[in-house]
Amino acid sequence: MNLPLDLEPQRIPQHLAIIMDGNGRWATNQGLPRIAGHRQGAKTLKEILRCCKDWGIKALTVYAFSTENWQRPLQEVNFLMRLFERFLRRELAEMYQEGVKLSFIGDLSALPPSLQTEIEHSTVKTANNQAIHFTLAINYGSRNEITRACHQIAALVEQGKLNAAAVNEQLVEQYLYTVNTSPPDLLIRTSGEMRLSNFLLWQLAYTEMYFTDIFWPDFDREELYKALLSYQQRDRRFGKVKPLLSA
Ligand code: IPE
Ligand code: IPE
Ligand code: MG
């Protein structure tokens, strides 16, 4: 599907990040168990990924499971792990054909081994695809990511391989899960919550934010269009002063 006419193709965000929130409340509102919301949320994700690709967004990063989400009831956690695995197994062939390059960020070593296998397989299979870079954050937490980077850098200093004075922002970025990816231009969070919940704290330093009350399972092309329209009206100054228009 083509880009809506009132969106400017040259001002489409290159990288979109989404905190997909509100699955549980969506389900509860309909008298369904929370897991029904997660199932519907996975369908939404598939649609939104395709829409992003159609509209020329080059990278999509979504928060699927946080380091804090282990504290949910075991039954819900187990359901989510199986859902991720099923999503990859069912959708991989189509995503591959559509040119989707899959990546995963987070501490993947704590995930069920069968999910790790699917993750590895889908990463390798789609590594050379170029239509859109789709990153799933699973067992991801920014504090964990930054602490892990600190450990790795400290170890190099300890071993005499790096001078402490050489530690700068570019170096730190080399040790984040998101190495070699540009920071998000736009962050969307659904369900009315206005917080980051430990998502991409470093990478979102200059990202535009968009919050909507819509629950993730109800987020569709029309809602994405509204978010992009809002983004295109923003003035991204990056700390500078906007040049005066000459009269
Ligand atoms: C987001 O929806 C999905 C995950 C965190 C895995 P929630 O499950 O947080 O839904 P609410 O916020 O309880 O409605
Ligand atoms: C953030 O949502 C994590 C994901 C969307 C995966 P949560 O629902 O876990 O966040 P809080 O607990 O409301 O901050
Ligand atoms: Mg939530």
Side-chain angles (χ1 to χ4, degrees), residues 15-49 52 59-91 102-112 114-116 118-119 134-148 176-178 181 184 186-204 207 209-220 223-224 227:
H15 184 178
L16 171 65
I18 306 182
I19 301 176
M20 310 181 289
D21 200 9
N23 292 351
R25 279 163 286 166
W26 178 88
T28 305
N29 279 353
Q30 325 219 0
L32 298 169
R34 291 177 54 84
I35 58 169
H38 298 315
R39 205 182 282 124
Q40 192 61 37
K43 290 186 185 151
T44 297
L45 178 56
K46 201 182 144 190
E47 289 304 312
I48 292 300
L49 169 64
C52 286
L60 172 67
T61 299
V62 300
Y63 207 5
F65 193 90
S66 74
T67 48
E68 288 73 26
N69 286 148
W70 296 108
Q71 297 166 65
R72 294 185 176 205
L74 188 62
Q75 195 201 5
E76 181 170 343
V77 169
N78 287 343
F79 179 84
L80 284 166
M81 294 300 149
R82 283 198 303 269
L83 180 68
F84 300 148
E85 203 176 313
R86 231 179 311 138
F87 180 85
L88 293 179
R89 213 175 288 129
R90 282 194 194 153
E91 306 301 336
L102 272 153
S103 294
F104 298 82
I105 57 173
D107 178 5
L108 307 175
S109 68
L111 302 177
S114 54
L115 175 56
Q116 288 187 46
E118 289 303 323
I119 285 176
F134 177 38
T135 303
L136 282 146
I138 306 183
N139 192 23
Y140 174 88
S142 263
R143 289 177 176 176
N144 163 278
E145 176 183 44
I146 293 168
T147 307
R148 176 179 164 272
L176 299 178
Y177 291 123
T178 50
T181 54
L186 174 64
L187 170 80
I188 297 174
R189 183 169 187 153
T190 57
S191 89
E193 308 299 348
M194 297 191 205
R195 53 176 172 263
L196 296 179
S197 303
N198 205 8
F199 189 46
L200 301 177
L201 301 183
W202 173 290
Q203 296 86 344
L204 295 176
T207 300
M209 312 227 177
Y210 179 87
F211 299 98
T212 169
D213 287 339
I214 300 280
F215 293 134
W216 176 248
D218 287 329
F219 192 88
D220 57 12
E223 296 301 326
L224 180 61

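Order of listing sets the numbers, starting from 1, for every ligand and every atom in it.
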Asker: Provide, to 0.1 Å, the distance between atom 12 (O) of ligand 2 and the closest protein heavy atom, together with that atom's residue and name.
Answerer: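 I find the closest protein heavy atom is R195 NH2, 4.6 Å.
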Asker: Which of the atoms of ligand 1 are close to R25, meaning less than 4.0 Å from one of its heavy atoms?
Answerer: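 Checking each atom against R25, I get 11 (P), 12 (O), 14 (O).
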Asker: Do side-chain atoms of N139 reach the backbone of G106 as a donor and acceptor pair under 3.5 angstrom?
Answerer: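 Side chain of N139 to backbone of G106, a donor-acceptor pair under 3.5 Å: no, none is there.
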Asker: State if E193 counts as touching ligand 1 under the rule of any non-hydrogen atom under 4.0 Å.
Answerer: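 So E193 does not count as touching ligand 1.
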Asker: Distance to 0.1 Å, residue and atom name: give those for the protein heavy atom nearest to atom 7 (P) of ligand 2.
Answerer: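 Sorting protein heavy atoms by distance from atom 7 (P) of ligand 2 puts R72 NH2, 3.8 Å first.
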Asker: Look at atom 5 (C) of ligand 2 and say which protein heavy atom is nearest, naming residue and atom and giving the distance to 0.1 Å.
Answerer: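 Going by distance alone, atom 5 (C) of ligand 2 is nearest to M20 O, 3.4 Å.
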Asker: Between V62 and L136, is there a side-chain heavy-atom distance shorter than 4.5 Å?
Answerer: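 Side-chain contact under 4.5 Å: yes.
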Asker: Can you tell which of L200, T135, T67, L108 makes a side-chain contact (heavy atoms from CB on, under 4.5 Å) with Y140?
Answerer: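 Filter result, single survivor: L200.
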Asker: Report, in ascending order of atom number, the atoms of ligand 2 lying under 4.0 Å from any heavy atom of I19.
Answerer: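 With I19 as reference, the close atoms of ligand 2 come out as 5 (C).
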Asker: Give a yes or no on whether the backbone of R195 and the side-chain of R189 come within a donor-acceptor separation of less than 3.5 Å.
Answerer: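 Flag set: sc R189 to bb R195 pair under 3.5 Å.
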Asker: In terms of the angle between their ring planes, are F65 and F84 parallel, tilted or perpendicular, with boundaries placed at 30° and 60°?
Answerer: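 F65 vs F84 ring planes: perpendicular.
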Asker: Within D21, is some N, O or S atom less than 2.8 Å away from the Mg ion (ligand 3)?
Answerer: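 A backbone or side-chain N, O or S atom of D21 is under 2.8 Å from the Mg ion (ligand 3).
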Asker: Which atoms form the tightest heavy-atom contact between T44 and W216, and what is the distance?
Answerer: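 For T44 versus W216, the nearest heavy atoms are CG2-O, 3.3 Å.
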Asker: Hey, is A64 one of the residues with a heavy atom under 4.0 angstrom from ligand 1?
Answerer: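 Per 4.0 Å heavy-atom rule, A64 contacts ligand 1.
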Asker: Looking at ligand 1, does S191 have a heavy atom less than 4.0 Å from it?
Answerer: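 Not so, S191 does not reach ligand 1.
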Asker: With a 4.5 Å heavy-atom cut-off, do E145 and T178 have their side chains touching?
Answerer: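 Result yes, sub-4.5 Å side-chain heavy-atom pair found.
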Asker: Just need the protein heavy atom nearest to atom 9 (O) of ligand 2, so name the residue and atom and give the distance.
Answerer: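 Scanning the protein heavy atoms, the shortest distance from atom 9 (O) of ligand 2 goes to N69 ND2, 2.9 Å.
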Asker: Can you pull out the closest protein heavy atom to atom 2 (O) of ligand 2? Residue, atom name and distance to 0.1 Å, please.
Answerer: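 For atom 2 (O) of ligand 2, the nearest protein heavy atom comes out as R189 NH2, 3.6 Å.
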Asker: Which residue supplies the protein heavy atom nearest to atom 14 (O) of ligand 2, what is that atom called, and how far is it?
Answerer: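 For atom 14 (O) of ligand 2, the nearest protein heavy atom is S197 OG, 2.6 Å.
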Asker: Considering only protein heavy atoms, which is closest to atom 10 (O) of ligand 1, and at what distance to one decimal place?
Answerer: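 Heavy-atom neighbour on the protein nearest atom 10 (O) of ligand 1: G24 N, 2.9 Å.
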Asker: Can you check whether L80 reaches H38 side chain to side chain, under 4.5 Å on heavy atoms?
Answerer: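 A side-chain contact exists here, since the closest heavy-atom pair is under 4.5 Å.
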Asker: Do R143 and N198 have side chains that approach each other closer than 4.5 Å (heavy atoms only, starting at C-beta)?
Answerer: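 Yes, at least one pair of side-chain atoms sits under 4.5 Å.
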Asker: Do N144 and T147 get their side chains close enough for a donor-acceptor pair, meaning under 3.5 Å?
Answerer: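 On atom types as modelled, these side chains do not qualify, holding no pair under 3.5 Å.
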Asker: Please could you name the atoms of ligand 2 that F65 approaches to less than 4.0 Å, counting only its heavy atoms?
Answerer: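 So the atoms of ligand 2 that pass are 6 (C).
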Asker: What are the atoms of ligand 1, with element, lying closer than 4.0 Å to any heavy atom of H38?
Answerer: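 Near H38, meaning under 4.0 Å from one of its heavy atoms, ligand 1 has 3 (C), 8 (O).
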Asker: Answer side chain, backbone, both or neither: which part of F199 comes under 4.0 Å from ligand 2, heavy atoms only.
Answerer: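 The answer is neither; F199 stays 4.0 Å or more away.
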